[in-house]
Amino acid sequence: MTLFEELKWRGLIESVTNVEIIEKLNNDKLTFYIGTDPTADSLHIGHFSSLLVAKRLEQHGHHPIILVGGATGLIGDPRPTKERTMITKEELEKNYNGLCVQIKKLFGFEMVNNYDWSKDINFIDYLRDYGKFFNISYMLNKETVKSRLDGGITYTEFSYMIMQSLDFLHLFESRNCTLQIGGQDQWGNITSGMELIRKKTGHEVYGFTMPLITKADGTKFGKSEGGAIWLDKNKTSPYEMFQFLINSEDSKVIDYLKKLTFLSKEEIDELDNDLNNHPELRKSHKALAKEVITFIHGQDAYYEALKISEALFNGNIKQLNEQELLDCFNGVPTFIINEPLNIVDLLVNNDICSSKREAKEFINNGAILINDDKIILEDMVVSEDMAIEKKIVVVRKGKKKYYLGIFN
RNA sequence: GGAGAGGUAGCGAAGUGGCUAAACGCGGCAGACUGUAAAUCUGUUCCUUCGGGUUCGAUGGUUCGAAUCCAUCUCUCUCCA
């Protein structure tokens, strides 16, 4: 398979700006860039697949530049629904640093910050040197802007496209960067950058977009109960990530394997086969969890997540001793119990349930288990007597959520 | 600057003086069934010491009683100049 064929097979190409790009990807050594704005202090699983694409290109001899948008992050890329709330400069700086550390560690890519070349452009020059290249009707026709015309869009966000175009121009001129890749929502920004480069320099550059990874129902992939699946293990523990991946829908797991791992076509085809013949073994799901977590958090973290999951879901919690439990549950939310406590209070005080009403509802539904025993009475008191080695209680809420209580 | 329409729970959307803690749909959560999958079915979805308390953009007012009426403010959209 050529590089392009592989990307296509993995479902990583949404659209390309011109067909010559296929040839260039397969045979040339391009410098390309992909940008992300520091809207949070960690990458999430969605970024992960995009950056893996950059990695895939790099492995074929292309040179990736990751642009972390210290300038564009201050402006805000228009979302289709509504205006963003601006983040403070302090927040942005914190986010910026967080992303850089992660990208460096996980991928080792070269990084640039568009603040460096955007900060000194003054307003008059901006309008004269760049504004003249953007026709309003062209900008209004871009999908993201169009979708906002009814609900309202400020001049600030409207200008975002221009800023990103300047980035592409800058990287083209200073680094001979001739390709920009991004999520499908970046199409408008990428093409307007190409347009600017064509008008200003007469050169042709390229772009392609990658599809948004979705769940079976078409909604965005990468959200769990606790919100997004982050790559920072303090925000999403390897165990949580394991749970997220292992719970992938059957109909999507092969798609995720293609997009989130480096497994070969042969390996994935075989897993697909297993999935069809023995879905209950969930080999594909396990492979997905293993590949992704090992890449992001390393092998040790993966095995630990696996160990916790097996202990929890095979239902032999009581056979573990104190130390084994503590080892296993490193990564599960933990709380301290100072004295025997009513079950409802315990659930509410430790944020397992958001209110007493909810706690009672869970109990009445049979959704609360302590050390694998179903709790049926609202007025039950949790004491040392029921703790494993008089020390530890494992609280389960619903089928999949676990909490660890330790008697002091 | 002028005229009009609007802001109801996570979202969409009813409700225009008491029967409304607020219909309905989506989403979320839980239970059953399963394979920690999907689909389906069922329950649930402001807080509570179960007396009640606090909610419908904000503040003040009218009323025995307000999401609903009045005033001011604020935000969004549409049109005009």
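Per chain, numbering begins at 1; letters A, B, ... match sequence-line order. These numbers come from a predicted model, not from an experiment.
Under the ring-ring contact (aromatic ring centres under 6.0 Å, His included) criterion, A:His170 pairs with A:Trp117, not counting sequence neighbours.
Side-chain atoms of A:Glu91 and A:Asn95 include no donor-acceptor pair closer than 3.5 Å.
Of the candidates B:U36, B:A37, B:G31, the closest approach to any side-chain atom of A:Asp250 belongs to B:A37.
Remark: A:Arg10 engages A:Glu6 in a salt bridge, criterion side-chain N to carboxylate O under 4.0 Å.
The glycosidic torsion of B:G43 lies more than 90° away from 0, which places this base in the anti conformation.
Residue A:Lys252 is out of contact with every strand shown, counting any heavy-atom pair closer than 4.0 Å. Within the 4.0 angstrom heavy-atom criterion, base atoms lie near A:Gln243.
The gap from the P atom of B:U54 to that of B:A67 amounts to 12 Å, rounded to the nearest Å.
Between A:Phe244 and A:Phe221, the ring centre distance stays below 6.0 Å.
Shown for residues 259-280 of chain A: residues whose heavy atoms fall under 4.0 angstrom of RNA chain B, namely A:Pro279, A:Glu280.
Of the residues near RNA chain B, A:Lys356 and A:Phe242, the one whose nearest nucleotide (by heavy atom distance) lies more toward the 5' end is A:Phe242.
Contact annotation: side chain of A:Glu361 to base of B:U44, donor-acceptor pair absent below 3.5 Å.
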Strictly under 4.0 angstrom, non-hydrogen atoms only: write out the protein contact profile of nucleotides 76-81 of chain B, one letter per nucleotide from the 5' end, B, S or -. SSS---
